[in-house]
Engineer: 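Got a structure here, written out as structure tokens. Questions coming.
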Amino acid sequence: MRTVRALWGATHPGPSLVVTVLSLALGVAAGLEPWRIVVLVVAVFAGQIFVGLSNDAIDLFRDATVGRADKPLVRGDTRVRTAWIAALIALGVALILSAVLGWAMLIAHVIALAFAWSYNAGLKATPFSLVPFLVSFGIFPSLATLSAPVPQPAAVWASFAGAMLGAAVHLTNVLPDLEDDRRTGVRGLPHRIGPAASVVLAVAGIVLAAIAVLVGSLIEGAAPVVMALFAVAVIVIAGAVMIRMRRRGADRTGFRLVMGAALVLALQLVVASGTA
């Protein structure tokens, strides 16, 4: 059980669960059959386990160097070899279940995971650190629509909203670790432009995502007042991110608020699909 707890702790459980819930919401919004929703959710969850475990396994030396005692691998709660085995098993499950939903879903999920892997493997230390998040989150809404019996990519506005959220996630997630990253040679885009500019760009991304989902849902025929309320809620969260990080500095709360905005937008898509 200690090993299981350690492996779970190394998956970045908070973000992994949020992304999994997002896939559930998007599956419902796409009108998938129940069994397809279940397969989609488990496939996405397995993919997130792979991304989280491989991230901590790759970063073990860096995390140990800066004394990240919150990391199970750094504490020695489980071996890095065990983490890699679990990560590869999770990857296999993700790909097999994606194939069950069709070749289009499999290809999309492979691309999303490949870009996530590219971030872990080295892009995080370059000026292009934002690219994997733009691509993976931009593809994410299509995982649900490509899981349908007649697969098709998500609407352009949904993919754009996903990409903007991905940018906000990256820009806020790394801010608390900027100093530690500098010590270990990691200089991604947020490190180069600084925390102030990163927060501004993250907030802009959240607002643009809210506007995109609002406009898209209205095009789909959803109730204007209801959709506007959702957009206002997301914009309020964006303001909270700005205020929090301006007053308290870079901490995990800003990142959690961004993930909260993502859940609100996903709920908006579900409501839109039911009222259109």
Engineer: How many angstroms lie between atom CD of Glu33 and atom OG of Ser147, to the nearest 0.5 angstrom?
Structural biologist: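 So the CD of Glu33 and the OG of Ser147 are separated by 11.0 Å.
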
Engineer: Would you name the heavy atoms of Ile235 and Ala210 that are closest together and state the gap between them?
Structural biologist: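 That would be CG1-CB, 4.3 Å.
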
Engineer: Does the pair Asp70/Arg75 count as a salt bridge with the N-to-O cut at 4.0 Å?
Structural biologist: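 Salt bridge absent between Asp70 and Arg75.
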
Engineer: Give a yes or no on whether Ile111 and Met105 share a hydrophobic cluster (residues Ile, Leu, Val, Met, Phe, Trp, Tyr; joining criterion: side-chain heavy atoms under 4.5 Å apart).
Structural biologist: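 Yes, one cluster joins them.
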
Engineer: A side-chain contact here means heavy atoms from C-beta on lying under 4.5 Å apart; do Asp59 and Arg68 qualify?
Structural biologist: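 Heavy-atom side-chain distance check fails, nothing below 4.5 Å.
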
Engineer: For the residue pair Leu101 and Trp35, establish whether any side-chain heavy-atom pair is separated by less than 4.5 Å.
Structural biologist: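 Result yes, sub-4.5 Å side-chain heavy-atom pair found.
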
Engineer: Tell me whether Ile107 shares a hydrophobic cluster with Val100, the cluster being built from Ile, Leu, Val, Met, Phe, Trp, Tyr side chains joined at under 4.5 Å.
Structural biologist: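 They do share one cluster, since a chain of ILVMFWY contacts under 4.5 Å joins Ile107 to Val100.
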
Engineer: Is any side-chain heavy atom of Val131 less than 4.5 Å from a side-chain heavy atom of Tyr119?
Structural biologist: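 No, too far: nothing below the 4.5 Å cut-off.
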
Engineer: Counting N and O atoms only, with roles assigned by atom type, does the side chain of Ser16 sit under 3.5 Å from a partner on the main chain of Pro13, one being a donor and the other an acceptor?
Structural biologist: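 Such a contact is absent between Ser16 side chain and Pro13 backbone.
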
Engineer: Please report the shortest heavy-atom distance between Ala238 and Val203, naming the atom on each side.
Structural biologist: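 Smallest interatomic distance, heavy atoms only, reads O-CG2, 3.5 Å.
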
Engineer: Cluster question for you: counting only ILVMFWY and a side-chain heavy-atom cut-off of under 4.5 Å, with indirect links fine, are Val200 and Ile206 together?
Structural biologist: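 Yes, because Val200 and Ile206 connect within a single hydrophobic cluster, where side-chain heavy atoms sit under 4.5 Å apart.
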
Engineer: Rounded to the nearest 0.5 Å, what separates atom CD1 in Ile237 from atom CZ in Arg256?
Structural biologist: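 CZ of Arg256 is found 14.5 Å from CD1 of Ile237.
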
Engineer: Just wondering, do Thr11 and Phe50 contact through their side chains at under 4.5 Å, heavy atoms?
Structural biologist: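 With C-beta onward as the side chain, the pair stays apart.
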
Engineer: Give a yes or no on whether Trp84 atom CH2 has more than 12 heavy-atom contacts from other residues, nucleotides or ligands under 6.0 Å away.
Structural biologist: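 Yes - once you tally the heavy atoms of other residues, nucleotides and ligands closer than 6.0 Å, there are more than 12.
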
Engineer: Donor-acceptor check, side chain of Thr145 to backbone of Ala154, threshold 3.5 angstrom: yes or no?
Structural biologist: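 Present.
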
Engineer: Arg62 versus Val186: any side-chain heavy-atom pair under 4.5 Å?
Structural biologist: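 They are in side-chain contact.
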
Engineer: Taking Leu113 as the starting point, is it possible to reach Val41 by hopping between hydrophobic residues whose side chains are less than 4.5 Å apart?
Structural biologist: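 No: no chain of side-chain contacts under 4.5 Å links Val41 to Leu113.
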
Engineer: Say whether, by atom type as modelled, one donor and one acceptor occur between the side chain of Thr78 and the main chain of Ala6 under 3.5 angstrom.
Structural biologist: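 A pair under 3.5 Å: no.
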
Engineer: Can you tell me if Ser23 uses its side chain to pair, donor with acceptor, with the backbone of Val44 under 3.5 Å?
Structural biologist: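 Here the side-chain-to-backbone pair does not exist.
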
Engineer: State, yes or no, whether a side-chain contact exists between Ile58 and Trp117 at a heavy-atom distance under 4.5 Å.
Structural biologist: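 Yes, side chains in contact.
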
Engineer: Donor-acceptor pair, His170 side chain versus Ala167 backbone, under 3.5 Å?
Structural biologist: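 Side chain of His170 to backbone of Ala167, a donor-acceptor pair under 3.5 Å: no, none is there.
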
Engineer: Determine the minimum heavy-atom distance between Val169 and Phe133, stating which atoms define it.
Structural biologist: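 Taking Val169 first and Phe133 second, the nearest heavy atoms are CG1-CE2, 4.1 Å.
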
Engineer: Considering non-hydrogen atoms only, spot the tightest contact between Ala43 and Ala94 and give its length.
Structural biologist: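 Heavy-atom minimum between the residues: O-CB, 3.5 Å.
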
Engineer: Can a donor-acceptor pair be found, under 3.5 Å and without considering hydrogens, that links the side chain of Arg187 to the backbone of Thr126?
Structural biologist: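 Absent.
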
Engineer: Side chains of Pro149 and Arg36: closer than 4.5 Å at any heavy-atom pair?
Structural biologist: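 With C-beta onward as the side chain, the pair touches.
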
Engineer: Could you list the residues that satisfy side-chain contact (heavy atoms from CB on, under 4.5 Å) with Ala209, not counting sequence neighbours?
Structural biologist: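 Partners of Ala209 under the side-chain contact (heavy atoms from CB on, under 4.5 Å) test: Ala161, Met164, Leu165, Leu265.
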
Engineer: List the atom of Asn120, the atom of Val51, and the distance in Å for their closest heavy-atom pair.
Structural biologist: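 Taking every non-hydrogen atom into account, ND2-O, 3.3 Å.
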
Engineer: Quick one: do Asp77 and Arg2 make a salt bridge, cutoff under 4.0 Å?
Structural biologist: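 A salt bridge is present here (some side-chain N lies under 4.0 Å from a carboxylate O).
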
Engineer: To the nearest 0.5 angstrom, please state how far the OG1 atom of Thr172 sits from the CG atom of Leu257.
Structural biologist: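 Result: 9.0 Å between the selected atoms.
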
Engineer: Group every Ile, Leu, Val, Met, Phe, Trp and Tyr by side-chain heavy-atom contacts under 4.5 Å, then state whether Met242 and Ile211 land in the same group.
Structural biologist: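 Same cluster.
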
Engineer: Relative to each other, are the rings of Phe137 and Phe140 parallel, tilted or perpendicular (30° and 60° limits)?
Structural biologist: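 It falls in the tilted class, 30° to 60°.
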
Engineer: When rounded to the nearest 0.5 angstrom, what distance separates CZ in Phe230 from CG in Leu267?
Structural biologist: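 Reported to 0.5 Å precision, the distance equals 4.0 Å.
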
Engineer: At what distance, to the nearest 0.5 angstrom, does OG of Ser198 lie from CG of Asn173?
Structural biologist: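 Here the rounded value is 12.0 Å.
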
Engineer: Report yes or no: does Ser129 contribute a side-chain atom to a donor-acceptor pair with the main-chain N or O of Gly188 at less than 3.5 Å?
Structural biologist: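 Between the backbone of Gly188 and the side chain of Ser129 there is no qualifying donor-acceptor contact (under 3.5 Å).
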
Engineer: Applying side-chain contact (heavy atoms from CB on, under 4.5 Å) to Phe160 and Leu208, what does each step give before you reach the verdict?
Structural biologist: CA-CA 9 Å; Phe160 175 79; Leu208 287 173; 4.2 Å; yes

Engineer: Are the side chains of Pro153 and Ser159 in contact, using a 4.5 Å heavy-atom criterion?
Structural biologist: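 They are not in side-chain contact.
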
Engineer: Closest approach of Ile139 and Ala112, non-hydrogen atoms and distance?
Structural biologist: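 Residues Ile139 and Ala112, closest heavy atoms: CD1-N, 4.2 Å.
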
Engineer: Sort out for me which residue in Ile49, Asp56, Leu53, Val19 forms a side-chain contact (heavy atoms from CB on, under 4.5 Å) with His12.
Structural biologist: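 Testing each of Ile49, Asp56, Leu53, Val19 against His12, the sole residue satisfying side-chain contact (heavy atoms from CB on, under 4.5 Å) is Asp56.
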
Engineer: Applying side-chain contact (heavy atoms from CB on, under 4.5 Å), name anything that partners Leu201, two or more places apart in sequence or on another chain.
Structural biologist: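 Leu201: side-chain contact (heavy atoms from CB on, under 4.5 Å) contacts with Leu171, Ile193.
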
